[in-house]
Student: 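Handing you a structure now.
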2 protein chains.
Amino acid sequence: MTTVLIVDDQPLQRYGFRMLLDSVPGTEVVGEAAHGAEAVRMAAQMRPDVVLMDVRMPGMDGIEATRRIVAAGDRSRVLVLTTFDIDEYVYAALRAGASGFLLKDARPEELLAGIRAVAAGDAVIAPTLTRRLLQEFARLVPPAADGSAQDSRLASLTEREREILVAIGKGWSNSEIAGHFVLAESTVKTHVGRVLSKIEARDRIQAVIFAYDHGLARPHAG
Amino acid sequence: MTTVLIVDDQPLQRYGFRMLLDSVPGTEVVGEAAHGAEAVRMAAQMRPDVVLMDVRMPGMDGIEATRRIVAAGDRSRVLVLTTFDIDEYVYAALRAGASGFLLKDARPEELLAGIRAVAAGDAVIAPTLTRRLLQEFARLVPPAADGSAQDSRLASLTEREREILVAIGKGWSNSEIAGHFVLAESTVKTHVGRVLSKIEARDRIQAVIFAYDHGLARPHAG
DNA sequence: GTGCAGGTGGTACCGAGGTACTACGGCCCT
DNA sequence: AGGGCCGTAGTACCTCGGTACCACCTGCAC
């Protein structure tokens, strides 16, 4: 039995979802919340398998509520619903830890399948959104992560020079690089100079940017 | 009628797919290819709606073939199939322009639904992979793109200082920044100095890295 | 062998970058 | 009227990075 918590500020919408879920065996609506704060409280109390979460709500919105429910770590998975496929919502929801993202105009079977998948630990995305998400994803994944065409400038570097470039990308000074590779600083300068000329960078700063753009350096924010 | 090209190096596998697709109305198998090069040639010739592409193949693999078919721009969409859910394949396939990614152990209905969705212009991903893809995606989307916790160091910057930091992140020199904002270079130095001290960076290089890590600068590789 | 590429090291020089101040006008808040 | 904060600008000084050379060694190819 999959337990579900319905979160939506519109009573009629909640009623519709409840009717749908009650009509099929295997799912049980264990509660309804009208806004984010109530959703967080009820989720903590009843620990439903799946939280059916509306994004647009007065007060605490669905994204923030999702973040808190996921952070609570009660194993509840959140399936976010929205009327329109507004991109920022999608990204924010996924970052918040949502397990799925569906449009409210989904067919009942799709919604039920989504709930089952989420309860099983899988993730679901509305097919319409998937395409855009994939495009965005492809844009984000750095070129170096696959076998696609490498920049000829990068290819012209020797093994050592690539190592030096990675070190530059980490923000290391010449003396730090010298220390790390056990080299004289003058040697490092020679290497750095060659790297800069090969990748057509005027300073090591441009080299750092080059390294990020080509996936040799990776963000590690947090 | 959805036209399909089957690409797989194993004859038996191709036979299975053909039997499945022939058994349902609405799809028509217009050809079979045993390796990447043949797939590219046949796709260009027959312009199928959907190419059912195996990843693992001798010679040109499915990824490279996908890249070329998509690059040809013949409106053929590629649905990639793999036996195992190996991550690099997924990312590489998506970057190559695949419209979907399914596992070979998918149920027939799933495969058919996938083909129909891809033909309709949507994208599909195996539910099992979706979860990991979403995690990866959430990791890649920079913190600045949603409303999550900002670095206090970033918050301590004034409006002007943030502008200066963005400029530093673009790799601009002090004099370039001065020119762009119509300032004296000495003023820029003052700002830069304050930015470095506030974000606890010893160099402008560390500042560039900080900018990338916090989403103030974005890669634009090509 | 001769020649070339890559890695290592050195010297000399100069300009950009960074630090450490000071200073002043415009705001807003009290 | 005074005190902050912010943006602007300046001077002085020193370090680091980058350039332009040259030199030597190793290994590999012809």
Side-chain angles (χ1 to χ4, degrees), chain A residues 144 150-219, chain B residues 144 150-214 216-217 219:
Chain A
Q150 290 281 358
D151 192 307
S152 67
R153 291 174 290 173
L154 191 57
S156 73
L157 297 179
T158 67
E159 191 55 37
R160 196 52 149 174
E161 286 160 357
R162 226 185 317 272
E163 287 178 336
I164 298 287
L165 177 52
V166 170
I168 294 173
K170 288 179 179 168
W172 295 356
S173 69
N174 285 340
S175 74
E176 283 170 338
I177 297 174
H180 183 260
F181 290 108
V182 195
L183 292 175
E185 196 171 331
S186 59
T187 306
V188 174
K189 281 192 170 190
T190 307
H191 285 312
V192 170
R194 275 200 278 263
V195 168
L196 296 186
S197 112
K198 282 188 179 179
I199 67 174
E200 295 159 29
R202 68 167 178 218
D203 11 76
R204 68 202 293 108
I205 292 152
Q206 305 292 334
V208 169
I209 294 172
F210 181 93
Y212 271 87
D213 285 353
H214 291 77
L216 292 174
R218 311 280 303 108
Chain B
Q150 290 279 357
D151 192 307
S152 68
R153 290 174 291 173
L154 190 58
S156 74
L157 297 179
T158 66
E159 191 55 36
R160 196 52 150 174
E161 285 161 359
R162 225 185 317 274
E163 287 178 335
I164 297 288
L165 177 53
V166 170
I168 294 173
K170 288 179 180 169
W172 295 356
S173 69
N174 285 340
S175 73
E176 284 170 336
I177 297 174
H180 183 259
F181 291 110
V182 195
L183 291 176
E185 194 171 333
S186 60
T187 305
V188 174
K189 280 193 169 191
T190 306
H191 284 312
V192 170
R194 276 200 276 262
V195 167
L196 296 186
S197 114
K198 282 189 179 179
I199 67 173
E200 294 160 29
R202 67 167 177 213
D203 282 332
R204 70 200 293 106
I205 293 151
Q206 305 290 336
V208 170
I209 294 172
F210 181 93
Y212 270 87
D213 285 353
H214 291 76
L216 291 174

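The sequence lines fix the lettering, A, B, ..., with proteins before strands; numbering per chain opens at 1.
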Student: Rounded to whole Å, please give me the gap between CD1 in Ile168(A) and P in dC16(D).
Tutor: 17 Å
Student: Rounded to the Å, how far apart are Asp203(A) CG and dG18(D) C1'?
Tutor: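 Atom CG in Asp203(A) sits about 9 Å away from atom C1' in dG18(D).
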Student: Write down the distance between CD (Glu185(A)) and C1' (dT15(D)), rounded to a whole number of angstrom.
Tutor: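 Nearest whole value for this atom pair: 11 Å.
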Student: So which heavy atom on Leu196(A) is nearest to which on Ala207(A), and how close?
Tutor: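 Shortest heavy-atom separation between Leu196(A) and Ala207(A) comes out as CD2-CB, 3.8 Å.
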Student: In whole Å, what is the span from the CD atom of Gln206(B) to the P atom of dC16(D)?
Tutor: 14 Å
Student: Taking all non-hydrogen atoms of both residues into account, name the closest pair between Ile164(A) and Ile177(A) and its distance.
Tutor: CD1-CG2, 3.9 Å
Student: Between which nucleotides of DNA chain C, read 5' to 3', does contact with chain B run, using atoms under 4.0 Å from its heavy atoms?
Tutor: dG17(C) to dG18(C)
Student: Quick check on side chain to side chain contact (heavy atoms under 4.5 Å, CB included): which of Arg160(B), Arg162(B), Glu161(B) does Val195(B) satisfy it with?
Tutor: Glu161(B)
Student: Measuring from the side chain of Ala184(B) (C-beta onward, heavy atoms only), which nucleotide among dG10(D), dG17(D), dT19(D) has the closest atom?
Tutor: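 So the side chain of Ala184(B) is nearest to dG10(D).
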Student: Under 4.0 Å, counting only non-hydrogen atoms across every strand here, what does Thr158(B) touch: a base, just sugar-phosphate, or nothing?
Tutor: sugar-phosphate
Student: Less than 4.0 angstrom between a side-chain N/O of Ser186(B) and OP1 or OP2 of dA9(D), yes or no?
Tutor: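 Answer no for this pair, as no side-chain N or O of Ser186(B) is under 4.0 Å from OP1 or OP2.
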Student: Specify the separation, in whole Å, of atom NE2 of His191(B) and atom P of dG10(D).
Tutor: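 Atom NE2 in His191(B) sits about 13 Å away from atom P in dG10(D).
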Student: Answer yes or no: is there a donor N or O on one side and an acceptor on the other, between the side chain of Lys198(A) and the main chain of Leu157(A), under 3.5 Å?
Tutor: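 Such a contact is absent between Lys198(A) side chain and Leu157(A) backbone.
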Student: Roughly, in whole Å, what's the span from NZ in Lys189(A) to P in dC16(D)?
Tutor: 10 Å
Student: With a 4.0 Å cut-off on N to O distance, would you call Arg204(A) and Glu176(A) a salt bridge?
Tutor: no
Student: What heavy-atom pair brings Glu185(A) and Ser175(A) nearest, and what distance separates the two atoms?
Tutor: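 Result for this residue pair: OE1-CB, 3.6 Å.
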Student: Starting at CD1 of Ile205(B) and ending at P of dC16(D), how long is that distance when rounded to a whole Å?
Tutor: 12 Å
Student: Might you point out which heavy atoms bring Ala217(A) and Gly169(A) nearest each other, and give the distance in Å?
Tutor: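 Taking every non-hydrogen atom into account, CB-O, 4.1 Å.
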Student: If the helix axis at each end comes from five base pairs, how far does the helix from dG1(C)-dC30(D) to dT30(C)-dA1(D) deviate from straight, to 10°?
Tutor: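 It works out to 40° between the end axes.
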Student: Work out which heavy atom in Val208(B) is nearest to a heavy atom in Ile209(A); give both atom names and the distance.
Tutor: CG1-CG1, 4.0 Å
Student: For the pair made of CZ in Arg202(B) and C1' in dG17(D), what is the distance, rounded to whole Å?
Tutor: 13 Å
Student: Would you mind telling me which residue lines up with the more 5' stretch of DNA chain D, Arg194(A) or Ser173(A), judged by nearest nucleotide?
Tutor: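 Between the two, 5'-proximity favours Ser173(A).
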Student: Nearest to the side chain of Arg160(B), which nucleotide is it out of dT19(D), dG17(D), dG7(D)?
Tutor: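 The closest nucleotide is dG7(D).
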Student: Kindly determine whether Gln206(A) and Asp203(A) satisfy side-chain contact (heavy atoms from CB on, under 4.5 Å), including the steps that lead there.
Tutor: CA-CA 5 Å; Gln206(A) 305 292 334; Asp203(A) 11 76; 3.4 Å; yes
Student: Closest nucleotide of DNA chain D for Thr190(A) versus for Trp172(A): which of these residues is on the 5' side?
Tutor: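 Result: Trp172(A).
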